[in-house]
Amino acid sequence: MSQLDLAAINADLGRNAPALVEWALGLGQPTIVTTNFRPFEAVILHLVSQVKPDAPVVWMDNGYNTEATYRFADEVTKQLGLNLQIYLPLRSRAHREAVEGPTPALDDPRHAAFTEEVKLEPFARALRETAPKVWFTALRATDTAVRAQMDPVSINPDGLIKVAPLLHWSSKDLHEYCVKHGLPNNFDYVDPTKGEDNRECGLHIAH
Ligand SMILES: Nc1ncnc2c1ncn2[C@@H]1O[C@H](COP(=O)(O)OS(=O)(=O)O)[C@@H](OP(=O)(O)O)[C@H]1O
């Protein structure tokens, strides 16, 4: 993997999502797609599952999703026949809230531990158990300032190849893809670890 010419791959395929997906899957390496089932997630799930129907789709269900998100997760999983692998926090939401109360606010010192418990630890566990060499996300340059600086393909210090085929897509592009392919969408999405939009919670930065 160390021989990959990232600059050439990004230049040649970075703005061609289907070709980038084909290239990454063509490496023949263990692969995962992560999704939080936020708006437009059906696009990355469709792109990958069309080429590799059994690719593990990893979802950390933090227990705080909206009913619409749970319904969307079930609908898109069924429609695309996804190999969905759900990772849950080690403690239930009911247990946590009974002893610690509701979700801590962003400026609460307990917020970091909350994020670790409901998102980061389950993801670390998912990475250990699925041991991917290729990791697809639907990160977009417009999400945050950090993502605006990213390349569609990068390699983390552990050698994991991170692929973001939709990095340069607009919401209009994503919407049109959904319409063209008859894909469902979900706009009623909240992430309890983020108090505001455009905030990084450390999952993809840490990996
Ligand atoms: N709960 C959950 N389950 C599975 N995968 C998840 C989850 N939260 C984040 N992600 C993956 O990380 C991508 C970035 O999401 P976030 O912006 O929420 O996370 S972070 O700020 O990087 O921590 C996010 O981007 P998308 O691919 O667009 O969904 C996912 O790939």
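The structure presented is a predicted model; accordingly, all values stated were derived computationally and were not measured.
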Assess, by modelled atom type and distance only, whether the side chains of D74 and T77 contain a donor and an acceptor separated by less than 3.5 Å.
no
Considering residues at least two apart in sequence or located in another chain, which fulfil the salt bridge (Lys or Arg N to Asp or Glu O under 4.0 Å) criterion with E97?
R93
Gap separating the CG atom of L167 from the CG atom of D151, nearest 0.5 angstrom
8.0 Å
Can you sort out the partners of F114 under ring pair (Phe, Tyr, Trp, His ring centres under 6.0 Å), two or more places apart, ordered by chain and number?
Y64
For D158, salt bridge (Lys or Arg N to Asp or Glu O under 4.0 Å) partners two or more places apart:
none
What ring-ring contact (aromatic ring centres under 6.0 Å, His included) pairs are there with at least one residue in residues 11-30, not counting sequence neighbours?
none
Hey, could you give me each pair passing salt bridge (charged side-chain N to carboxylate O under 4.0 Å, His left out) that has a residue in residues 98-107? Not counting sequence neighbours.
R91-E100
With sequence neighbours excluded, residues passing side-chain contact (heavy atoms from CB on, under 4.5 Å) with N185:
P39, F40, C178, F187
For the residue pair V48 and L45, establish whether any side-chain heavy-atom pair is separated by less than 4.5 Å.
no
So do I161 and Q29 actually touch side chain to side chain, heavy atoms under 4.5 Å?
no
Return the minimal non-hydrogen interatomic distance between V134 and L160, and the atom names on each side.
N-CD1, 3.8 Å
Should P192 and N62 count as side-chain neighbours, where that means a heavy-atom distance under 4.5 Å?
yes
Which pairs, with at least one residue in residues 7-20 and sequence neighbours excluded, count as a side-chain hydrogen bond (donor to acceptor under 3.5 Å, both in side chains)?
none
Establish whether L80 and L84 are linked, either directly or via other cluster members, by ILVMFWY side-chain heavy-atom contacts under 4.5 Å.
yes
Restricting to side-chain contact (heavy atoms from CB on, under 4.5 Å), what partner residues turn up for K162, sequence neighbours left out?
W135, S154, N156, H204
Do the non-hydrogen side-chain atoms of R125 and L90 ever get within less than 4.5 Å of each other?
yes
Excluding sequence neighbours, so at least two apart, what forms side-chain contact (heavy atoms from CB on, under 4.5 Å) with E22?
V51
Is it possible for you to say whether L25 and V153 belong to one hydrophobic cluster, with membership spreading through side-chain heavy-atom contacts below 4.5 Å?
yes
Indicate the atoms forming the closest heavy-atom contact of P89 with P122, along with that distance.
CA-CG, 4.0 Å
For T130, give me all partners under side-chain contact (heavy atoms from CB on, under 4.5 Å), at least two apart in sequence or on another chain.
I32, V58, Q85, Y87, P132
I'd like to check V57 versus T35 (side-chain heavy atoms, cut-off strictly below 4.5 Å). Are they in contact?
yes
Closest heavy-atom pair and its distance - A24, V163
CB-CG2, 4.0 Å
Can you tell me if NE2 on H168 sees more than 12 non-hydrogen neighbours from other groups inside 6.0 Å?
yes
Residues two or more places apart in sequence or in another chain: which of them pass ring pair (Phe, Tyr, Trp, His ring centres under 6.0 Å) with W59?
F37, Y70
Could you check if a side-chain atom of L47 sits within less than 4.5 angstrom of a side-chain atom of L166, using non-hydrogen atoms only?
yes
Find out if a path of hydrophobic residues (ILVMFWY) with successive side-chain heavy-atom gaps under 4.5 Å connects L120 to M60.
yes
Side chain to side chain donor-acceptor pair (under 3.5 Å) between R140 and S171, worked out
CA-CA 10 Å; R140 290 165 56 196; S171 294; 3.0 Å; yes
Would you please name every residue forming a ring pair (Phe, Tyr, Trp, His ring centres under 6.0 Å) with H181, sequence neighbours left out?
H46, Y177
